[in-house]
Novice: 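Before I ask anything, let me first share the structure, which is written out below as structure tokens.
Order of the sequence lines sets the chain letters (A, B, ...), proteins ahead of strands, with each chain counted from 1.
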There are 4 protein chains.
Amino acid sequence: MHYFTNAHGRPTLFILNPHSGIPLYRQLQEQIRRLAASGQLEPGTPLPSIRELAVRHAINPMTVSKVYSQLESEGVLERHRGKQMTIAAKGARAAARADPAEQLQPHLDGLVLAGRQLDLSLGEVVRTLKERWEK
Amino acid sequence: MHYFTNAHGRPTLFILNPHSGIPLYRQLQEQIRRLAASGQLEPGTPLPSIRELAVRHAINPMTVSKVYSQLESEGVLERHRGKQMTIAAKGARAAARADPAEQLQPHLDGLVLAGRQLDLSLGEVVRTLKERWEK
Amino acid sequence: MHYFTNAHGRPTLFILNPHSGIPLYRQLQEQIRRLAASGQLEPGTPLPSIRELAVRHAINPMTVSKVYSQLESEGVLERHRGKQMTIAAKGARAAARADPAEQLQPHLDGLVLAGRQLDLSLGEVVRTLKERWEK
Amino acid sequence: MHYFTNAHGRPTLFILNPHSGIPLYRQLQEQIRRLAASGQLEPGTPLPSIRELAVRHAINPMTVSKVYSQLESEGVLERHRGKQMTIAAKGARAAARADPAEQLQPHLDGLVLAGRQLDLSLGEVVRTLKERWEK
DNA sequence: GTGGTCTAGACCACA
DNA sequence: GTGGTCTAGACCACA
């Protein structure tokens, strides 16, 4: 399991960047989906409570709530009345089927477009990627 | 100069993705900035008219106009008599100074985060990147 | 097309009852779904804007927004950047397939349960239903 | 007395639907009120213990407790030594006075609204109601 | 404690 | 004008 340090110096599963232009709820949603897909969050794993995640990332509970609701309707999360939500078994099965490389695609597209527009060679891009990965 | 084929089958300098979550104006702005920074759009190069770009990408002229105005105030573009915009000399100078790898950074960050959350190895990510690049 | 008069005396497509125990967003969602399913709201019909509906029913725009978003993800509504949402063609097709009686089921269940617990006969229930219908 | 079979296959006086959107405590409260009103639960009849009802319907004892307390304060139930609850004589009297059709009203309203929005005729609605009743 | 609903209201993106 | 995102915060349902 990979832990990250968020903007407030606390260890967390997620990294949210409020300046990226991508809505916070979309960033959070995508990250939970990936962690479930890869099995790093296994079926049955309880997610942080809405309030906890909101405090930890200094965002509004409603934003988290929206993400949890959408992931529930996608079948990635399961809701338990009055108790914490968990990763759904169904979500895990879906994950097993999915090609991880496919989930990477939008990010590859963005990187390739940027690389070409900056007139970099594939070699240069790969080199900087490797440096960034090791960090 | 790299040309791309947009969603409407016409050749264009830019690729706009309305489903990425990133605002259209931000996508366009970033792409013009990169093309200027890399010198693929040289100082003095005229940009497409607002109307032309709007039609080509099926977006509102106001969106293009806003981008052009902001890039003008940043010194990347220059406005001439009529409304003709060109790449500013100043923009080129700024570009020469900038480290291209730095402009790649947000995209590398996004890719690395996605890769780790999908539990992929560096090798796998590099391989899919190479495939995507050659396409 | 049936018009109703809401609690504020204005004609409207929907009737929301804040005291029924059923969340407002759920009432609104179900009603739009039914009007689309029956074809009383045809594909392409623009819906009232979020603000308009919110004002008309004295509810919060966020509540309406939530309903519209969910119906969009269900394929009942279509979103148009910067313009009003419309009934989706897809929604209409789905409607054609659906058995209307099926959508009535939860309400029949509720009525039958109440009738039996009140020890009424089928005849009595049908009679009061007919009276209520004609009103 | 009508008995129903609940979701857990056990005979019970009540049917609770956790997906209806109506709070559980409201469903339970309304059903006890109706059974008392119709005389199917006569004055003096002991109710199931909180614990028993909670287990039978897989809900929290606190939810049942809240319902019993509210019905007691309404005069529908009476609390005896220990915690045994019975139908109050007063509740029966109230029931005798009440017009059963009135208690049916919210359900009739919901059904009529749904029927009209689904563009069904009164005949169709009555027919499906009859089918459902016989089941 | 958990999540759900709703409000009032700010500010942004897009047409 | 349209919808989208986000906040701060109240109050409810349920365990």
Novice: Out of E/dA15, F/dA15, F/dC6, which has the shortest distance to the side chain of D/Asn60?
Specialist: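 The listed nucleotide nearest to D/Asn60's side chain is F/dA15.
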Novice: Report the residues that fulfil salt bridge (charged side-chain N to carboxylate O under 4.0 Å, His left out) with C/Arg51, sequence neighbours left out, ordered by chain and then residue number.
Specialist: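 Partners of C/Arg51 under the salt bridge (charged side-chain N to carboxylate O under 4.0 Å, His left out) test: none.
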Novice: Which sits closer to the 5' end of DNA chain E, C/Pro61 or A/Ser49, going by the nucleotide each is nearest to?
Specialist: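 Looking at DNA chain E, the more 5' nearest nucleotide goes with A/Ser49.
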Novice: Can you measure C/His57 atom NE2 to E/dT5 atom P for me and round it to whole angstrom units?
Specialist: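 From C/His57 NE2 to E/dT5 P: 19 Å.
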Novice: Can you tell me which stems DNA chain E forms, taking runs of 3 or more consecutive Watson-Crick or G-U pairs with both distances under 3.5 Å?
Specialist: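 E:1-14 with F:1-14 - these are the stems of 3 or more pairs that involve DNA chain E.
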Novice: Regarding F/dG3, can its base be found pairing with the side chain of C/Arg51 as donor and acceptor, where the two atoms are less than 3.5 Å apart?
Specialist: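 Checked by distance alone, the answer is yes.
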Novice: Can you list every side-chain hydrogen bond (donor to acceptor under 3.5 Å, both in side chains) pair that touches residues 13-24 of chain D, not counting sequence neighbours?
Specialist: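 Applying side-chain hydrogen bond (donor to acceptor under 3.5 Å, both in side chains) to every pair that reaches into residues 13-24 of chain D, excluding sequence neighbours, yields D/Ser20-D/Gln27.
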Novice: Separation of C/Gln27 atom CD from E/dT5 atom P, in whole Å?
Specialist: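 Roughly 12 Å, once rounded to whole Å.
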Novice: Within this structure, what is the CG-to-C1' distance between A/Leu71 and E/dG3, rounded to whole angstrom?
Specialist: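 Distance, rounded to whole Å: 15 Å.
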Novice: Starting at atom CD1 of D/Ile50, determine the distance to atom P of F/dA15, rounded to an integer number of angstrom.
Specialist: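 To the nearest whole Å, that distance equals 14 Å.
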Novice: Please give, in whole Å, the distance from E/dA15 C1' to C/Arg81 CZ?
Specialist: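 Nearest whole value for this atom pair: 10 Å.
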Novice: Nearest of E/dA15, E/dT5, E/dA13 to any side-chain atom of B/Pro23?
Specialist: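 Of the candidates, E/dA13 comes closest.
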Novice: By side-chain hydrogen bond (donor to acceptor under 3.5 Å, both in side chains), which residues pair with D/Thr86, not counting sequence neighbours?
Specialist: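 For D/Thr86, the residues satisfying side-chain hydrogen bond (donor to acceptor under 3.5 Å, both in side chains) (neighbours in sequence not counted) are D/His80.
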Novice: Using a strict heavy-atom distance below 4.0 Å, which residues from residues 63-70 of chain A are in contact with DNA chain F?
Specialist: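 DNA chain F contact set from residues 63-70 of chain A: A/Thr63, A/Lys66.
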Novice: With a 3.5 Å cut-off and sequence neighbours excluded, list the donor-acceptor pairs that the side chains of residues 58-69 of chain C form with protein atoms.
Specialist:
from, atom 1, to, atom 2, distance (Å)
C/Asn60, OD1, C/Met62, N, 2.8
C/Tyr68, OH, C/Pro48, O, 2.7
C/Ser69, OG, C/Ser65, O, 3.1

Novice: Report the distance from atom CG of D/Leu53 to atom CG of D/Leu28, rounding to the nearest 0.5 Å.
Specialist: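 Nearest 0.5 Å value for the CG-CG distance: 5.5 Å.
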Novice: Can you find a side chain N or O atom of C/Tyr25 that sits less than 4.0 Å from OP1 or OP2 on E/dT5?
Specialist: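 Yes, within the criterion.
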Novice: Could you list the residues that satisfy side-chain hydrogen bond (donor to acceptor under 3.5 Å, both in side chains) with D/Glu74, not counting sequence neighbours?
Specialist: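 D/Glu74 satisfies side-chain hydrogen bond (donor to acceptor under 3.5 Å, both in side chains) with D/Arg33 once adjacent residues are dropped.
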Novice: Return the value, rounded to whole Å, for the distance between atom CE of C/Met62 and atom C1' of E/dC11.
Specialist: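 The answer, rounded to whole Å, is 14 Å.
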Novice: Quick check on DNA chain E: between A/Gly82 and C/Leu24, whose nearest nucleotide comes earlier from the 5' end?
Specialist: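 So the residue in question is A/Gly82.
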Novice: For C/Leu47 and D/Arg26, take the nucleotide of DNA chain F holding the closest heavy atom to each; which residue's nucleotide lies nearer the 5' end?
Specialist: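 In this pair, the answer is C/Leu47.
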Novice: Compare the minimum distances between each of E/dA15, F/dA13, F/dA15 and the side chain of B/Ile59, then state the nucleotide with the smallest one.
Specialist: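 Closest nucleotide to the B/Ile59 side chain: E/dA15.
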Novice: Return the set of residues passing side-chain hydrogen bond (donor to acceptor under 3.5 Å, both in side chains) with A/Glu52 (not counting sequence neighbours), or none when no residue passes.
Specialist: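 For A/Glu52 the side-chain hydrogen bond (donor to acceptor under 3.5 Å, both in side chains) partners, ignoring immediate neighbours, are A/Arg56.
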Novice: Would you say B/Gln31 and B/Leu16 make side-chain contact, with heavy atoms under 4.5 Å?
Specialist: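 Counting from C-beta outward, B/Gln31 and B/Leu16 do come under 4.5 Å.
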Novice: Using whole Å, report how far CD1 of B/Ile22 lies from C1' of E/dC14.
Specialist: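 B/Ile22 atom CD1 is separated from E/dC14 atom C1' by 16 Å.
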Novice: Would you give the length of the straight line joining atom CG of B/Leu77 to atom CD of B/Gln84, rounded to the nearest 0.5 angstrom?
Specialist: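 So the CG of B/Leu77 and the CD of B/Gln84 are separated by 11.0 Å.
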Novice: Could you work out, with side-chain contact (heavy atoms from CB on, under 4.5 Å) as the rule, every residue matching B/Pro23, not counting sequence neighbours?
Specialist: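 If we apply the side-chain contact (heavy atoms from CB on, under 4.5 Å) test to B/Pro23, skipping adjacent residues, the hits are B/Tyr25, B/Arg26.
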Novice: Could you tell me how far apart A/Glu52 (CD) and E/dT2 (P) are, to the nearest whole angstrom?
Specialist: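 Atom CD in A/Glu52 sits about 8 Å away from atom P in E/dT2.
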